[in-house]
Each structure stands twice: as C-alpha cells, then as structure tokens.
Protein chains: 2
Amino acid sequence: MTQARAATIEDVAREAGVSRAAVSKVIRNAYGVSPSMRERVNAAIAALDYRPRVAARAMRGSSFTLGIELPHIGNPFFAKIIAGATAALQGTGYQLIIAPADVDGEEGVRAIGALADRQVDGIVAISPLVSPEWLERLAARVPVVMLGRHDRSTAYDTVTGDDLEGTRLVMEHLFELGHRRIVHLTRSEEVTRPGSGNPHAIRLEGYLTHMRAAGLEECIRVVRTGLDEESARLDTLALLDEEVPTAIFVGNDELAMGTLRALSEYHLTAEQVSVVGYDDVDIASYPAISLTSVNQAGEAMGERAVRLLLERVQGRTEPIHFSVEPSLKVRGSTRAAPAEPTP
Amino acid sequence: MTQARAATIEDVAREAGVSRAAVSKVIRNAYGVSPSMRERVNAAIAALDYRPRVAARAMRGSSFTLGIELPHIGNPFFAKIIAGATAALQGTGYQLIIAPADVDGEEGVRAIGALADRQVDGIVAISPLVSPEWLERLAARVPVVMLGRHDRSTAYDTVTGDDLEGTRLVMEHLFELGHRRIVHLTRSEEVTRPGSGNPHAIRLEGYLTHMRAAGLEECIRVVRTGLDEESARLDTLALLDEEVPTAIFVGNDELAMGTLRALSEYHLTAEQVSVVGYDDVDIASYPAISLTSVNQAGEAMGERAVRLLLERVQGRTEPIHFSVEPSLKVRGSTRAAPAEPTP
DNA sequence: GGCCGGATGTAGATCGGTCTATGAATGGCG
DNA sequence: CGCCATTCATAGACCGATCTACATCCGGCC
C-alpha cells in the first residue's frame, strides 16, 4: 500500500478499529489499555509503518528532543562533550539535536533561540556571550543547563571545570620549571570580560593573580586572538616578532595547536619555548605533539549536563552547580626554562 | 508585562487590533498587507517579543529547518562539512540542526528517522549503511542529499569525492616511491561491501585494482578496523606484530592518526613505513604530523550539499550528482621505500 | 447613482497529535 | 438482584500556526 503521505494516528486508529485516543495511549504507554487492544494497535502501527509527527506532539506535550548549542564545531573538545551527551541519552527516548553557532557573540543567542523556537524540551548551551538576564528569561520557559559558566543563577544549572584550580596547576608547573616570562594567549577582551564567568575570563584572572603573587608583575603579558587555530597561529607569529617568551599559556588546546604551529615555523622547540594548553584534547597526547594540557573530562561534562537537564525536564527546580576537578597532564611541550641572559 | 507563557500569534493580533491571519501575513511577507498594518503588527511583535512556534508552523507549512546526520562527530572531516553547510545557509532563514549517530549501521537510520520525525524540510546524510530502497522511500517524503554515496538514484542528489581518482593518486604516488608491500587499512567488511557505493568500498576496490595492475597481487593485504582512531591504533599494532610493510594506505585521516600513533609506539618512522590518509584533515598539515593525504574539499562539499538541498526544497525534482575533484597533498609521511632485503 | 474590480482584511477550517471529561462494560458484594 | 467501584475506550476540545474562501471598502467609470 504505497500512499503518497505518511500514515497518521488517524490511519492507525482506522486500521486497528479503535479511536485516536486509544492509539495515543498505546504510543505513550499510558494507563488504561487492555493487552488485546495494545496488540491490535501495535500491529496496525507496524503494518502502516507509522511514526508520530514530533511537531504535532510538541504542540501539546513535549517534543522528546534536547538541544545543544555549540559555539565552534571545529573545536575537538566539543566533540567529547557531544559524545558524553549522546551516551547519557541512550535509551531515554530523547533525541539530541545540535545547533551550530560557529561565530561569536550574537550568533550564540540566535542558535539558542532557534532551539527554543523548535520546542525542545531542554537546552544545553556552551558558555556563550549571553547576559544572565537573557538566560533567566529563557530558563523560565525551558529547562537550561549551561556548560562552562561560573555564574550561579537559580534559574539554570551549570556544569563547569574548576578553572581557577586548573590555572593554578598550570602556573605552578611553569614556575617549578623556572619560567618567569610567561605569556598568556587568550580570546578577545569581550570574551574575557572580568566577572563574565567565562572560563577564559577566569583563566586570565588566575594567570594575572599567580604572576603577581610570584612577584612577576612586570613580566605579565596578555596576547589576544580569535577563536580558531589559524588566528592563534597568526597572533603567536606577531608576538614572536616582538619577543620570545620562555613559556606560553594558551587559553585552550585548539588555540595551542596554532601556537605550536607558529613556533615550529619560527624554528623554536620546546627547549626554547614551553607551551601549555587547556582541555586535553585527544590530539594533545599524540607523541609528535605531546602538549601539556589541563584535562577536564569533556565526556563527563556532557554526560552530567544531560543528566541534569533530564532531571529538570522531569520537574526539579532547585538549581545544581556541578564542578569537574581538573588535572594537569604534563607532556613534552613543557621543559625547564632556558637560562635567561642576565639583562 | 511578565507573562508566564511566551506570546502567541493570537496575543500579537490582539495587541495590534487585527486578525491572526493578518499577523501571519506580515510574518510571511505575504501579499495583501497595507504599510500601516504592517507597521502596527511589527510594533506589536516587538512589544511582545513574539517568536513563531516552529512546531505550529511545521504542522501546516514548513519548519524552515534542514537536518544533517553525522555518523561520527569525532571525525574532524565532518566539522569541515558542517562549516561549509552553515556558511551556505547564512541569510536564507533556514536553521541547520545536526543529529549525531555516533555508532555504525542502524544508528544512522535512527538518526535520519529522528530528523524526518521532526519535520525538517530537507535532510543531508553522510554515507550511512542504508539501503537505496529505504532512502528512496524517505526521499519520496522529504528532499534528501547524500554525501559520499556513489549510487545514482533518481530520488535523491549526491555529493561525492571522486574516490577512484583519489585512490589512483595515492597508489601511483606510492608506486613512484618504489613501494610494493602496501597494506590497506580500512573499515569493516560490512562497510566496504562491494557495490555499496560507500567511499571506503571504492577506495578498497581501487587499491585492489591498482595492486593487481602493478603485478603485486601477492602483496595485497587488507586490514580491517573500527571507526575511530583508537581501534586503528590497535589494529595497526596487531599488524606490525606480524609484518612490517613499507607503506600503509589508510581509509581516512582519523584512522591514519591511529596508525601513526601505533608506528611511533613501535619506534618506526616514515623512513621505514610510509603512511597515506584520506580527507586532508587540518591536523594532517601540522608540521609534527605531516601526513600525506587526499584533499577533497570538505567545506565545498557541505556547501554544495546544502545548495542542492535548498534547490530541492524549492521544487527541483531532477536528480543532480555532484563530484568533487580530489588532489593529493604530499607531505613527510611518505618517503621512498626502504631497500627490501632480497628474499 | 449603480456597478465593477482591485486592494485589504477576516472567519474558520485545518494540520496531527495530547488529554480531560465522560460513557460503557464488567465484576464484586451485600 | 441492584448498587457501586473499577477498568477500558471514546468524543471532542485544544495547541499555534497557515491558508482558502469570503466580506468589506474604496475609487473610477459609464
């Protein structure tokens, strides 16, 4: 029976000789269905190859869809988060959809809005540049879990790495190796605005704090860059034209890869310039790369975010703020600081 | 006016003192709206912060959403495709959503089905293990563009790399370097089933053809592996335990990274074993990796796929099968074959 | 003045589900 | 045997848009 249009619940009801409501009950596993009816309805569903339209369900009930907004698909750390998220969704009947934003700022708002318009039952969003007020208004309508945001709203949950601790691990490691002229390569001022709660803002703050605490105020140097490897490469090259520090602490691994590339173009090795990244992306452990980095368990973060979201979908309202303990993976890209020429 | 629920078209109509239909017309830029009404309605939309529910629109018309199914989020080649796809969507009013499958076989069907259930206006899917019949049934209901499928259905469009040509480039390059004992590392037999039209199937076929044509029938060796870097690493290690070939042609770059990792664990360099990948992922050009690979312009493929899909959404019905010309990026991972000990 | 046609606006059906309120059938029990 | 509680099934309102068919208004023209 090849029909032009897909079967609807009406068709199934007719085929099984029952009412629409009955079919709906069977689908939803609701109370009040006799075994015989369930059997007949299921047979009809199979015969017609029926699948409920999600749009129609969403009009009244839920869409059984969770949305996740990603600022930059190219960053492999996000792939880890997705992997964890899908794993946590196995067997729950919920489907994950990803809305890529791929540009900074307003794009994130657009992508999150697109998910909300699509009636997703919950939203996971990754640290976009969005005001807490906007998010609280959103969270009043749909459950929200924010990844990598350090503000503590009561309206939404958060899952974060402990970026202060992570930064402490990095700086202490570099100090122990004897580094003093340590440059921090990070995102734009907009992204790292103090108090924004963005991970990059906190890492920057930690960098400044530790440098000052170590009496290295005059060695502080912050270099700004964009959000992908290529801009990090270019901005590192620009830095090296001016000054060659003994170590560079880079805001995340994707950017760090650009820095490593620039260093190699400049024929500088880890002996001369140490590099530390953040995220411990898969490639960091690759022998030819061997990038020292802070691990913050992306899969675990994605999994936890989805779990929290499902709890909220099921009715929880008290906020939960979950923090992942970071650990430093020391690898070949960090070495003892070279002897500085006495100035 | 903080209301618990988001504004609907009804609220806007009331606020503007017009009918629902009038608001709908303004939203859709439809014919028959006076400038004065347009203005009043737009003011009401702004005042109430109104956004149309996509689910409700999808019930009648279209959802203004395109879906893309991805078999394995971790593969950076797919990130390129997404980047191209989102770029092509800029300013069209359509939103892209990604459904991750992340496991082989049936999972792809599930993910594509999930997109169809969500009433997307069109679907891009990446070379899943799906029968042409199933796809044709799907394509009868919703426009479909398949990436990396070499079958030529009239029901859906395809965008592919020319894998035969790509493989020819690889094999010729290796032959010129003097290699004879060339192993091909590829996916499971299920994935490379002859005639399936899967890129891996074609690459395998090309490998076999060229080996035979070069009179190297007895050197043919095909090793199977899973879909991620880690399984490639393990299976390469298993291979090396038995035999060390002079070159390994790997099905794609993600797997090739696993092979490189295994070789380095085995303390083998490019001098002893050459490696060629496929996709020319960003990391391949990284100096410390320097993986020879076949470039097939992922961004261009994603962009083209979306363009074709939009054409179909707008009514085109004749199928288009688009092929991207590959090019070989020769890098440090391929060297002249070491002198073989005379057997 | 009456008629016509184009422009503008509206009423109401419709999409495919969910869910509440209600009806019908069944069985237990005094 | 009649009453009530319980189980099973259904009718029909409802969600928020789109879109067709129709009503109204207005000016122009004979």
Side-chain angles (χ1 to χ4, degrees), chain A residues 3-42 44-45 48-65 93 114 116-121 141-142, chain B residues 3-42 44-45 48-65 93 114 116-121 141-142:
Chain A
Q3 38 194 358
R5 312 156 34 90
T8 73
I9 201 171
E10 181 77 53
D11 302 326
V12 175
R14 204 178 9 248
E15 170 92 5
V18 298
S19 69
R20 287 200 322 275
V23 179
S24 177
K25 278 193 193 175
V26 171
I27 296 169
R28 289 174 293 127
N29 256 313
Y31 172 83
V33 217
S34 66
S36 83
M37 183 171 85
R38 174 179 309 279
E39 204 172 322
R40 259 190 310 155
V41 169
N42 279 328
I45 287 177
L48 297 181
D49 194 21
Y50 166 73
R51 311 198 53 163
R53 240 57 106 241
V54 172
R57 309 184 82 170
M59 294 277 305
R60 302 266 325 188
S62 37
S63 61
F64 302 101
T65 308
D117 294 344
R118 273 152 194 80
Q119 314 278 107
V120 292
D121 294 339
R141 305 244 151 91
V142 51
Chain B
Q3 38 194 359
R5 313 156 35 89
T8 73
I9 201 171
E10 181 76 50
D11 302 324
V12 176
R14 205 178 7 251
E15 169 92 5
V18 298
S19 70
R20 288 201 321 278
V23 179
S24 177
K25 278 192 192 176
V26 171
I27 296 169
R28 289 174 293 127
N29 255 313
Y31 171 84
V33 217
S34 66
S36 83
M37 183 170 86
R38 175 179 307 280
E39 204 173 322
R40 257 189 312 156
V41 168
N42 279 328
I45 288 178
L48 298 181
D49 195 21
Y50 166 74
R51 312 197 53 163
R53 237 60 104 243
V54 171
R57 309 184 84 172
M59 293 279 303
R60 303 266 326 189
S62 37
S63 62
F64 302 101
T65 308
D117 293 344
R118 273 152 193 82
Q119 313 279 107
V120 292
D121 294 338
R141 304 244 151 92
V142 50

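Computed from a predicted model, the values in this text were never measured in an experiment.
Without hydrogens or angle criteria, B:Ser63 side chain to B:Ala58 main chain gives no donor-acceptor distance under 3.5 Å. In this structure a side-chain-to-backbone donor-acceptor pair under 3.5 Å is present from A:Asp11 to A:Thr8.
Protein atom CZ of A:Arg20 is 11 Å distant from nucleotide atom C1' of D:dC14, rounded to whole Å. Taking atom CE of A:Met59 as the reference point, atom P of D:dT18 lies 11 Å away to the nearest angstrom. Rounded to an integer number of Å, the gap from A:Glu10 CD to D:dT10 C1' is 13 Å. Across the protein-nucleic acid pair, B:Leu48 atom CG and D:dA17 atom P stand 12 Å apart, rounded to whole Å. Here the C1' atom of nucleotide C:dG16 and the CZ atom of A:Arg60 are 12 Å apart, to the nearest Å. Whole-Å rounding puts the A:Met37 CE to C:dA24 C1' distance at 14 Å. Rounded to whole angstrom, the span from the CZ atom of A:Arg14 across to the P atom of C:dG17 amounts to 12 Å. If you take CZ of A:Arg40 and P of D:dC8, they are 14 Å apart, rounded to a whole angstrom.
Scanning both residues, B:Val26 and B:Val33, for their nearest heavy atoms gives CG2-CG1, 3.6 Å. Counting all heavy atoms, side chain and backbone alike, A:Val18 lies closest to A:Val23 at CG2-CG2, 3.9 Å.
When the side-chain nitrogen and oxygen atoms of A:Ser24 are compared with OP1 and OP2 of C:dT18, one or more of them lie within a distance under 4.0 Å. Close to D:dA9, at under 4.0 Å from its OP1 or OP2, lies a side-chain N or O of A:Ser34. The phosphate of C:dG16 has neither OP1 nor OP2 within less than 4.0 Å of any side-chain N or O from A:Thr8. When the side-chain nitrogen and oxygen atoms of B:Tyr50 are compared with OP1 and OP2 of D:dG16, none of them lie within a distance under 4.0 Å.
If you check C:dG17, C:dG12, C:dC19 against the side chain of A:Ala56, the one that comes closest is C:dG17. For B:Arg57, whose side chain is taken as the heavy atoms from C-beta onward, the closest listed nucleotide among C:dG16, D:dA17, C:dA7 is D:dA17.
Each of B:Ala21 and A:Ala55 has a nearest nucleotide on DNA chain C; the 5'-most of these lies closest to B:Ala21. Closest-nucleotide positions on DNA chain C for B:Lys25 and A:Val23 were compared, and the one nearer the 5' end corresponds to B:Lys25.
In this structure, B:Val33 reaches the sugar-phosphate backbone alone: every heavy-atom distance under 4.0 Å involves primed, P, OP1 or OP2 atoms, never a base. As judged by a 4.0 angstrom heavy-atom cut-off over every strand, A:Val18 is placed among residues touching the sugar-phosphate backbone only.
Here A:Arg118 contributes atom CZ and B:Arg57 contributes atom CZ; the two are 9.5 Å apart, rounded to the nearest 0.5 Å.
Over its full length, the helix from C:dG1-D:dC30 to C:dG30-D:dC1 turns its helical axis through 70°, comparing axes from the five pairs at each end and rounding to 10°.
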Do B:Arg20 and B:Ser24 pass the side-chain hydrogen bond (donor to acceptor under 3.5 Å, both in side chains) test, and can you show the C-alpha distance, the side-chain angles, and the key distance before you say yes or no? CA-CA 6 Å; B:Arg20 288 201 321 278; B:Ser24 177; over 6 Å; no
Start with the C-alpha distance between A:Phe64 and A:Val54, add both sets of side-chain angles, then the distance that settles side chain to side chain contact (heavy atoms under 4.5 Å, CB included), and finish with yes or no. CA-CA 8 Å; A:Phe64 302 101; A:Val54 172; over 6 Å; no
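The side-chain hydrogen bond (donor to acceptor under 3.5 Å, both in side chains) check on A:Arg60 picks up nothing, with sequence neighbours excluded.
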